[in-house]
**Student:** 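Starting off with a structure, shown below.
One-based numbering along the sequence shown.
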Amino acid sequence: MNLGAAEEESPQEIHIPAEIDWQMLDKSKFFFLGAALFSGVSASLYPMVVLKTRQQVAHSQLSCIRTAFHLVRHEGFRALYRGFGTSLMGTIPARALYMGALEFTKSYVGTATVRVGFPEATAATIANAAAGLSAAMAAQLVWTPVDVVSQRLMVQSRFNNPNSSSTRYINGVDAFRKILNADGHRGLYRGFGISILTYAPSNAVWWASYYVAQRLVWGGIGCYYSKKLDEGNENGGSNVYRPDSKTVIAVQGASAAMAGSISALITMPLDTIKTRLQVLDGDENGRRGPTIGQTLRNLVREGGWTACYRGLAPRCASMSMSATTMITTYEFLKRLSTKNREGLTS
C-alpha cells in the first residue's frame, strides 16, 4: 500500500515514493543486509540500554548522568558494553523474525482490510498495528532469553559482594549455562509473559502511530506548500510537489521519534517490572523468585509509583533515537533489497 498524498481532496498533490511491500523484496538480500545494518544500530545505542537497566534495578534513585559517570569511573568504558556480545548474537535471528513477520503481516492484512471495504488510510493503520503486534511476538521467542542473559551481565558488578548469594557469570555462554542448570528453560524465559505484554502492544501502538504521524506531518507540509504551489500556478507553474529524498527521510525520522517517545512513556512501568524479574535470581535459599505483583509492591515501597519510571529518560532517548535510526535504516534497507528498483521514486 502507498501512503498516498497527504491532501487527497486538494487540487495540489504531494507525490511520495511508493511503499515497498513484501512481494517486492529480494528476501535473501533483505535479511543479510538487515543483519549487518541493525547490528551497527544496536552497537551505537547499547550504552543507553545498559544505563536504563542499571537504573531500573537500583534500590535508590540516581539520575542517568550520575549513573553513567559512576559506572565509567568505577568500571571503565567497557562496562557500557557489558553483555553486548550476547545481545548482538541474539539480534540477528530476532531481527530476521521481526522483519519477516512485520512485512508479511503488513502486506496481507493491508490487502485483506482493503478488500473488506476499509478506506486505504484506515486499512494501512490497521495493517501497521497488526504487523507491529505479530513482529514483537515472533521476536520475543529469541529476545527474551537474550535479554535475561545480557541483563544479568549488565548489572553483574552490583553483585560483587562476596557475601551475596547471587550467581557470578564469566561471560554470556557461562551465564546461559548456569541459568539453564539452575532454573531450566523456564529461567531463560523469565519475564516472557510480561515481555509480550510490554512489547506487543508497544509495537502495535508504535507502528500505527508512526503511520498516523507521517500523514499528519505530510498534511502540514501539504498546507505549507499549497500556498507556494498556488503562487506557482498563477505564474504557470506545476501543481505537483515532489519531495526530495532528504525531505522524505526527515519526515520518517520525525514521525518515528514521536512514536518512540509515546511508546516508551506508556510501557515504562511494565518494562521496569520485566527487567527486575529477568535480573533477579530464580531460586535463592530454596525460595522462588518474586511474582509480578510482588515486584510491583517492592518498587512502590522503595520509591513510590515514580520508581516504576526509573530509567525513563535513557529509555525515551534510546527508543526515540532507536526508532529514528531504525526506521530510516529500515526504509533504506527495503530500497536496497527490492527485486526491481526502477520506478520507486514515482
**Student:** Given the rule in the side chain to side chain contact (heavy atoms under 4.5 Å, CB included) test, do V205 and Y210 qualify, once you have shown the distances and angles that lead to the verdict?
**Tutor:** CA-CA 8 Å; V205 170; Y210 168 67; over 6 Å; no
**Student:** Does this structure show an ion pair linking R177 with D174, if we count only N-O contacts that are shorter than 4.0 Å?
**Tutor:** yes
**Student:** For residues Y330 and L37, determine if any side-chain heavy atom of one lies less than 4.5 Å from a side-chain heavy atom of the other.
**Tutor:** no
**Student:** Identify the heavy atoms of R215 and A121 that sit nearest to each other, and give their distance.
**Tutor:** CZ-CB, 3.8 Å
**Student:** Does L333 reach the side chain of F30, with side-chain heavy atoms less than 4.5 Å apart?
**Tutor:** yes
**Student:** Whether R297 and E302 form a salt bridge (side-chain N of Lys/Arg under 4.0 Å from carboxylate O of Asp/Glu) is what I want to check.
**Tutor:** no
**Student:** Just wondering, are more than 12 heavy atoms of other shown residues or ligands nearer than 6.0 Å to CE in M321?
**Tutor:** yes
**Student:** Please identify each residue that fulfils side chain to side chain contact (heavy atoms under 4.5 Å, CB included) with F176, with sequence neighbours left out.
**Tutor:** V149, L180, L188
**Student:** Verify, without hydrogens or angle tests, whether Y46 (side chain) and R82 (backbone) share a donor-acceptor contact under 3.5 angstrom.
**Tutor:** yes
**Student:** For W206 versus A256, what's the shortest heavy-atom pair and its separation?
**Tutor:** NE1-O, 3.5 Å
**Student:** Do S320 and S261 have side-chain N/O donor and acceptor atoms under 3.5 Å apart?
**Tutor:** yes
**Student:** Quick one: pull up CG in D147 and OG in S87 and give me the separation to the nearest 0.5 Å.
**Tutor:** 7.0 Å
**Student:** Return yes if some donor-acceptor pair links the side-chain N/O of S107 with the main-chain N/O of F104 below 3.5 Å, else return no.
**Tutor:** no
**Student:** Between R315 and A264, is there a donor-acceptor pair closer than 3.5 Å when you use the side chain of the first and the backbone of the second?
**Tutor:** yes
**Student:** How close do K27 and L25 get, heavy atom to heavy atom, and via which atoms?
**Tutor:** NZ-O, 3.2 Å
**Student:** With a 4.0 Å cut-off, would you call E75 and R54 a salt bridge?
**Tutor:** yes
**Student:** Keeping Y169 on the side-chain end and K178 on the backbone end, is there a donor-acceptor pair under 3.5 Å?
**Tutor:** no
**Student:** Give a yes or no answer on whether the side chain of T328 reaches the backbone of T325 with a donor-acceptor pair at less than 3.5 Å.
**Tutor:** yes
**Student:** Report, as yes or no, whether the 6.0 Å neighbourhood of atom CZ on R115 holds more than 12 heavy atoms from other residues, nucleotides or ligands.
**Tutor:** no
